[in-house]
Amino acid sequence: QVQLVESGGGLVQAGGSLKLSCAASGLTFTSYAMGWFRQAPGKEREFVAAISWKGGTIYYSDSVKGRFTISRDNAKNTAYLQMNSLKPEDTAVYSCAARFATATMTPTYQYWGQGTQVTVSS
């Protein structure tokens, strides 16, 4: 049974930082690209970042480019999202996702975590 478990969310002031983690189990982690998506209340799910299995291909949305960094540790079966210079508009539930083979910015991922809340106060 595949499980993706996010952690690291919370409340932070604007300009602050958070680091999200996504621990994967039940799959061959190195066969999967990992992605982060977010959904704010009343809005559609939005792509944030994605990374290929080896880390050689990385995508960011324009809204987070230069502020967020996606990474992964294949030895720990964990993906990360370092978020710096946070803004109130970054407030959302952040979910990680796993996609077999290639990374993509579209939500065509086979497995999804439950999400972790990130709230940025002004």
Side-chain angles (χ1 to χ4, degrees):
Q1 182 181 357
V2 176
Q3 281 193 315
L4 302 176
V5 180
E6 302 95 339
S7 61
L11 174 63
V12 64
Q13 287 189 331
S17 298
L18 282 174
K19 185 173 184 178
L20 305 183
S21 298
C22 172
S25 60
L27 51 70
T28 303
F29 192 64
T30 51
S31 294
Y32 287 81
M34 298 299 295
W36 287 95
F37 292 78
R38 67 187 182 186
Q39 188 166 21
K43 295 189 177 181
E44 292 187 353
R45 184 166 55 192
E46 174 190 17
F47 168 77
V48 176
I51 186 168
S52 60
W53 77 270
K54 205 174 181 180
T57 300
I58 289 176
Y59 302 112
Y60 294 104
S61 68
D62 289 342
S63 61
V64 308
K65 199 173 295 182
R67 299 188 298 122
F68 290 12
T69 302
I70 189 171
S71 62
R72 63 190 293 161
D73 185 336
N74 288 339
K76 295 183 178 179
N77 284 9
T78 302
Y80 304 96
L81 185 68
Q82 176 68 48
M83 305 185 294
N84 298 331
S85 302
L86 282 161
K87 305 174 182 180
E89 50 263 44
D90 293 318
T91 295
V93 174
Y94 285 71
S95 298
C96 66
R99 185 177 191 273
F100 184 74
T102 57
T104 178
M105 294 183 283
T106 61
T108 54
Y109 286 68
Q110 285 86 15
Y111 303 107
W112 293 82
Q114 291 297 310
T116 185
Q117 177 69 46
V118 172
T119 303
V120 184
S121 62
S122 56

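Rounded to the nearest 0.5 Å, atoms CZ (Arg67) and OG (Ser85) are 7.0 Å apart. To the nearest 0.5 angstrom, Tyr32 atom OH is 15.5 Å from Ser52 atom OG. To the nearest 0.5 Å, atom CG of residue Leu4 and atom OG of residue Ser95 are 9.5 Å apart. Residue Gln82 holds its CD atom at 5.5 Å from OG of Ser17, rounded to the nearest 0.5 Å. Residue Thr102 holds its OG1 atom at 13.5 Å from CH2 of Trp53, rounded to the nearest 0.5 Å.
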Would you check, one step at a time, whether the test side chain to side chain donor-acceptor pair (under 3.5 Å) holds for Asn74 with Thr30? CA-CA 6 Å; Asn74 288 339; Thr30 51; over 6 Å; no
Check the pair Leu27, Gln3 against side chain to side chain contact (heavy atoms under 4.5 Å, CB included), reporting the backbone distance first and the verdict last. CA-CA 8 Å; Leu27 51 70; Gln3 281 193 315; over 6 Å; no
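No side-chain N or O of Asp73 forms a donor-acceptor pair with one of Thr78 less than 3.5 Å apart.
Under a hydrophobic-cluster definition in which Ile, Leu, Val, Met, Phe, Trp and Tyr are linked whenever side-chain heavy atoms come within less than 4.5 Å, directly or via other members, Val64 and Leu86 are assigned to the same cluster. Cluster membership for Tyr94 and Tyr60, using ILVMFWY side-chain heavy atoms within less than 4.5 angstrom, is shared. Linking ILVMFWY side-chain heavy atoms closer than 4.5 Å, directly or via other members, places Leu81 and Phe37 in two distinct hydrophobic clusters. Linking ILVMFWY residues whenever their side-chain heavy atoms come closer than 4.5 Å, directly or via other members, leaves Ile70 and Trp112 in distinct clusters. Val118 and Val93 fall into different hydrophobic clusters, where Ile, Leu, Val, Met, Phe, Trp and Tyr residues are linked whenever their side-chain heavy atoms come under 4.5 Å apart, directly or through other members.
The local environment of CD in Glu89 is crowded, with over 12 non-hydrogen atoms from other residues, nucleotides or ligands closer than 6.0 Å.
The shortest distance between side-chain heavy atoms of Met105 and Ser61 does not fall below 4.5 Å.
When all heavy atoms of Arg72 and Ile51 are compared, the closest pair comes out as NH1-O, 3.7 Å. Taking all atoms of both residues into account, the shortest heavy-atom contact from Cys22 to Met34 is SG-CE, 3.8 Å.
Ring to ring, Phe68 and Trp36 are not that close: their centroids are 6.0 angstrom or more apart. The distance between the ring centers of Tyr109 and Phe100 does not fall below 6.0 angstrom.
Although no hydrogens or angles enter the test, the distance criterion places a donor-acceptor pair under 3.5 Å between the side chain of Thr91 and the main chain of Val120. Remark: the backbone N or O of Ala33 is not paired with any side-chain donor or acceptor of Arg99 at under 3.5 angstrom. In this structure, Gln1 contributes its side chain and Gly26 its backbone to no donor-acceptor pair below 3.5 Å. For Glu6 (side chain) and Cys96 (main-chain N/O), a donor-acceptor pair under 3.5 Å exists by modelled atom type.
Screening residues 17-41 for salt bridge (Lys or Arg N to Asp or Glu O under 4.0 Å), with sequence neighbours left out, gives Arg38-Glu46, Arg38-Asp90.
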